[in-house]
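Keep in mind that the numbers below use all heavy atoms, side chains included, and drop hydrogens, waters and symmetry copies.
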Amino acid sequence: MGVTKSEIFTVGQNEISSIAKVLGHPARIAILEHLFKIDSCICGDLVDEIGLAQPTISQHLKELKKIGLIKGNIEGTSVCYCIDKENWAAMKTTFSTFLDKDLEDTNTCC
């Protein structure tokens with residue numbers, strides 16, 4: 001795979017891209033939706049809920065945690081996860097700002 005040259009893009013462009021990449025997998029969307037539905041921390045029952053193997057779930061949780069959309073706490077031998085509300089709000093603001101951009105209707109293209 002080629003080099004992305006992410007350093008030539010703005011911090012904001014890289015941030016949006018990183019979030020979009022992580023959100024680009026349906027298992028991660030399912031995990032986030034489940035965390036919102038239960039509105040609390042979850043410890044270990046995602047395998048039954050999502051229907052994927054534990055190592056696969058762990059990898060998806062790792063990616064979501066890496067960009068800060070979820071946070072986890074170790075309790076004994078299990079790790080409990082929940083939505084990081086502060087980072088979720090920041091991500092929504094970032095995406096809203098980007099998605100609220102519109103073209104003026106000047107009919108100068110194609």
Side-chain angles (χ1 to χ4, degrees):
M1 179 163 290
V3 177
T4 61
K5 295 188 178 184
S6 59
E7 70 277 356
I8 68 171
F9 301 104
T10 68
V11 170
Q13 291 166 336
N14 279 299
E15 180 182 7
I16 291 169
S17 176
S18 294
I19 295 168
K21 183 177 179 181
V22 170
L23 293 178
H25 197 290
R28 295 177 191 146
I29 300 300
I31 289 168
L32 290 169
E33 286 179 335
H34 183 67
L35 290 173
F36 274 111
K37 182 174 83 174
I38 63 167
D39 194 25
S40 67
C41 287
I42 187 166
C43 303
D45 62 348
L46 279 172
V47 171
D48 294 331
E49 182 67 32
I50 307 298
L52 297 172
Q54 181 59 53
T56 304
I57 295 288
S58 293
Q59 185 61 35
H60 289 303
L61 290 167
K62 177 182 169 187
E63 294 299 319
L64 289 166
K65 189 174 181 186
K66 186 166 64 173
I67 64 164
L69 294 182
I70 65 173
K71 57 186 174 181
N73 297 315
I74 298 173
E75 293 182 10
T77 59
S78 66
V79 180
C80 298
Y81 289 97
C82 62
I83 300 291
D84 186 316
K85 293 176 183 179
E86 188 175 308
N87 287 343
W88 182 262
M91 182 271 306
K92 284 175 48 178
T93 299
T94 298
F95 265 84
S96 291
T97 301
F98 175 67
L99 293 174
D100 281 345
K101 296 177 189 251
D102 288 316
L103 295 173
E104 293 182 24
D105 190 17
T106 59
N107 292 326
T108 60
C109 181
C110 305

Set of residues satisfying salt bridge (charged side-chain N to carboxylate O under 4.0 Å, His left out) with respect to E33, sequence neighbours excluded: none
Using the rule that Ile, Leu, Val, Met, Phe, Trp and Tyr join whenever any side-chain heavy atoms are under 4.5 Å apart, tell me whether V11 and I8 fall into a single cluster. no
In a table with atom names and distances, give each donor-acceptor pair under 3.5 Å that connects a side chain of residues 12-24 to protein atoms at least two apart or in another chain.
residue	atom	partner	partner atom	Å
Q13	OE1	T10	N	2.9
Q13	OE1	T10	OG1	3.3
N14	ND2	S6	O	2.9
N14	ND2	F9	O	3.3
N14	ND2	T10	O	3.1
S18	OG	N14	O	3.0

Distance, nearest 0.5 Å, that separates CD1 of I31 from CD1 of I50: 5.5 Å
Checking A53 now: which residues fulfil side chain to side chain contact (heavy atoms under 4.5 Å, CB included) with it, not counting sequence neighbours? P55, T56
Check whether more than 12 heavy atoms from other residues, nucleotides or ligands sit under 6.0 Å from atom CZ of F36, and answer yes or no. yes
Not counting sequence neighbours, which residues clear side chain to side chain contact (heavy atoms under 4.5 Å, CB included) with K37? List them please. H34, E49
Chi angles and distances behind the side-chain contact (heavy atoms from CB on, under 4.5 Å) call for L46, L52: CA-CA 8 Å; L46 279 172; L52 297 172; over 6 Å; no
side-chain hydrogen bond (donor to acceptor under 3.5 Å, both in side chains) contacts touching residues 60-69 (sequence neighbours left out): R28-H60, Q59-E63, E63-K66
Which residue pairs pass the side-chain hydrogen bond (donor to acceptor under 3.5 Å, both in side chains) test when at least one of the two sits in residues 87-101, sequence neighbours left out? D84-N87
